[in-house]
Amino acid sequence: MSASSSAIRAIRWVVLAGVLLGLGTFLWFATRPPPLTVQGEVSANRVDISPRVNGRVAKLSANVGDTIKRGALLAELQSPQLSASLIATHAALAVAKADYDRVHSTRPEVIASRKADVAAAEADVVLTKETYDRQAHLITTGFTPQQKVDEATRNLEMATRRRDAAQAALDLAVKGASDEEKALAGAQVKQAEASLNQREVDVSELTILAPISGQITSRVAELGENFSPGAPLFSLIDMDDLWFTFNLREDLLAGLKVNDRFDVMVPALKSKSVPVRVTMINVQGQYATWRATRATGDFDLRTFEVRAKPLQPVDGLRPGMSAIAAWSARVH
C-alpha cells in the first residue's frame, strides 16, 4: 500500500513538473519579442525614352515585353519641317562656299587687262621721258622756251602716276579681295557648316534608338501620333543590373557597412534565399525622419536607404518583387 502511494506521489510530481515546464515554456515564448524582419523590394535602373525634336510616329519596331539590345531601333519619327530646313541649310552652305571661292579667286582676263594697262602706261612713261630729256637738253642751248620744258616735266609726272595707278590695279587684281573680306567669307562658310551640322543632328534624332540593353515595360507611342521634345515614348529597365532596396531606421543599421553580406528571402521565387552584398547606404531626406513624441522620450531617427546586390544572377528576379530579411539575425 505504501509502495503504491509513493508511486502515485511520484507520478503527481512528474506531472506537476511537466505542467510547470510547459507553463514556463509558454510564458517564455509569449513574452519573447517577435523576430525582427524587414521588407524591401527589387529595384532596377529605369530609362524613360523620349524624342529631342518634334515629330510624328511613322514606324514602331518594339513593343511592351520585348528584350532589346543597346542601339536597337525602337521607333522612327517624321518631321517635314526638319526635312525642309535640312535642304535649306544645304543650299545656304553651297552659297557660302561659292562666295568664298569668289572672294579668293581672280579672273585671268582681268589680270591680263591690268597687265596691258601697265605696259601701256610704261610706254607712255618712256615716251614722255624722252621728250623731257630732249627739252631739258635744248633749254641749255637756248633753242627752246622754258614753257616747253615745264610742259614736258608735267607730262612725265602724269605718265608716271598713270603707270603707278595701273601697277596698283594689277596688284589688286592679282591679290583679289581684302583680308577682311576673305575672313568674313570664311566665317560665313563655318557658320553655314555649323547650321547644317545642327540640322543633321536634329534629323538623326527622329530615329529613336535604345540607350541601354533591357526590357520594355511600357509604350506610349502609337502610329500617327505627334510627340514634342521630352514626351515619353517608351520605358526601359535594365534587367542585368538588379538590386534590393530596404528603407531602415538608423537604429536598425547596427553597424551595417558597405560590402557586408546577408541573406534575403524572395516570396515570389518560392521563398528562395538569396545571398546579397551591401553596395550603398544613403540617408534619405528630412521627410523620411521618424518623429519622436514627448510621451516616448525618444529621439528623432532618420531613415536610410540600403542597397544590396545579389552575389550571383537570380533567374526570375524582377523589379517590384518583395524581399524579406531576418534583421534580428543580421544585427546580432
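- Although no hydrogens or angles enter the test, the distance criterion places no donor-acceptor pair under 3.5 Å between the side chain of S79 and the main chain of G55.
- Within the 4.5 Å cutoff, the side chain of V274 has heavy atoms near those of the F244 side chain.
- The main-chain N or O of A96 is never found under 3.5 Å from a side-chain atom of D99 such that the two would form a donor-acceptor pair.
- Heavy atoms only, all atoms of each residue included: A44 and P319 are closest at CB-CG, 3.7 Å.
- In this structure, OH in Y100 is found 9.0 Å from NZ in K190, a value given to the nearest 0.5 Å.
- Evaluation of the salt bridge (charged side-chain N to carboxylate O under 4.0 Å, His left out) test over residues 204-232, restricted to residues two or more places apart or in two chains, returns R52-E205, R219-E222.
- In this structure, D260 and G255 approach most closely via the heavy-atom pair OD2-O, 4.1 Å.
- No continuous path of ILVMFWY side-chain contacts below 4.5 Å connects I216 to L317, so the two sit in separate hydrophobic clusters.
- Under 3.5 Å, the side chains of T217 and S235 contain no donor-acceptor pair of N or O atoms.
- Within the structure, ring-ring contact (aromatic ring centres under 6.0 Å, His included) pairs that include any residue of residues 36-94 do not occur (at least two apart or interchain).
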query = So S43 and T245, side-chain hydrogen bond (donor to acceptor under 3.5 Å, both in side chains) or not? Walk me through it.
reply = CA-CA 7 Å; S43 301; T245 299; 3.2 Å; yes
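- Residues S61 and L74 fail the side-chain proximity criterion, which asks for heavy atoms closer than 4.5 Å.
- We find the CD-CG distance between Q215 and D240 to be 10.5 Å, quoted to the nearest 0.5 Å.
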Residue pair L93, E193: steps toward the side-chain contact (heavy atoms from CB on, under 4.5 Å) verdict = CA-CA 6 Å; L93 177 59; E193 289 175 341; 3.4 Å; yes
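- Looking at D164 and R161, no side-chain N of the basic residue comes within less than 4.0 Å of a carboxylate O on the acidic one, giving no salt bridge.
- Annotation for M158: atom CE does not count as buried by contact number, only 12 or fewer foreign heavy atoms lying within 6.0 Å.
- Annotation: E41, atom CD; neighbour count of heavy atoms from other residues, nucleotides and ligands within 6.0 Å is above 12.
- In the displayed structure, R307 atom CZ is contacted under 6.0 Å by more than 12 heavy atoms of other residues, nucleotides or ligands.
- Side chain to side chain, S85 and R199 meet the donor-acceptor criterion of an N or O pair below 3.5 Å.
- Cluster partners of I324, by chain and number: M265. The rule joins Ile, Leu, Val, Met, Phe, Trp and Tyr whenever side-chain heavy atoms lie under 4.5 Å apart.
- Taking CD1 from I49 and OG from S218, the interatomic distance works out to 9.0 Å, rounded to the nearest 0.5 Å.
- The side-chain heavy atoms of V306 and L256, taken from C-beta on, include a pair separated by under 4.5 Å.
- Heavy-atom contacts from other residues, nucleotides or ligands closer than 6.0 Å to CZ of F246 number more than 12.
- A 4.5 Å side-chain heavy-atom check between T279 and V258 finds every atom pair outside the cut-off.
- V266 is connected to L242 through a chain of hydrophobic side-chain contacts under 4.5 Å among Ile, Leu, Val, Met, Phe, Trp and Tyr, so both are in one cluster.
- The side chain to side chain contact (heavy atoms under 4.5 Å, CB included) test with I208 is passed by exactly one of L233, V57, L60: L233.
- Rounding to the nearest 0.5 angstrom, the gap separating the CZ atom in F304 from the CG atom in N247 is 11.5 Å.
- Side-chain contact between L236 and I68 is present, with heavy atoms from C-beta onward closer than 4.5 Å.
- Residues S50 and A231 share a closest heavy-atom pair of CB-O, 3.0 Å.
- In this structure a side-chain-to-backbone donor-acceptor pair under 3.5 Å is present from E250 to R302.
- For the pair L77/P51, a side-chain contact is recorded, criterion being any heavy-atom separation below 4.5 Å from C-beta on.
- Counting non-hydrogen atoms of neighbouring residues, nucleotides and ligands closer than 6.0 angstrom, the CD atom of Q198 exceeds 12 such neighbours.
- Residues K309 and D241 are paired through a salt bridge, judged by an N-O separation under 4.0 Å between the basic side chain and the carboxylate.
- At least one donor-acceptor pair under 3.5 Å links the side chain of D66 to the backbone N or O of N63.
- Hydrophobic cluster membership differs between M239 and I212, with clusters built from Ile, Leu, Val, Met, Phe, Trp and Tyr side chains linked at under 4.5 angstrom.
- The cluster map of Ile, Leu, Val, Met, Phe, Trp and Tyr, joined by side-chain heavy atoms under 4.5 Å apart, puts V201 and V53 in different clusters.
- Between K272 and V314 the shortest side-chain heavy-atom distance falls below 4.5 Å.
- Among all heavy-atom pairs drawn from A308 and F262, the shortest one is CB-CZ, 4.3 Å.
- By the 4.5 Å heavy-atom criterion applied to side chains, N155 and T153 are not counted as neighbours.
- With values rounded to the nearest 0.5 angstrom, D263 atom CG is found 4.0 Å from S273 atom OG.
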ask   = Between K59 and Q78, does a side-chain contact (heavy atoms from CB on, under 4.5 Å) hold up when you go through it step by step?
value = CA-CA 9 Å; K59 180 180 179 181; Q78 286 182 343; over 6 Å; no
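- Taking 4.0 Å as the cut-off between side-chain N and carboxylate O, R46 and D48 count as a salt-bridged pair.
- At a threshold of 4.5 Å between side-chain heavy atoms, the hydrophobic network of Ile, Leu, Val, Met, Phe, Trp and Tyr places V264 and V278 in one connected group.
- To the nearest 0.5 Å, the span separating CD on E157 from CZ on R154 amounts to 9.0 Å.
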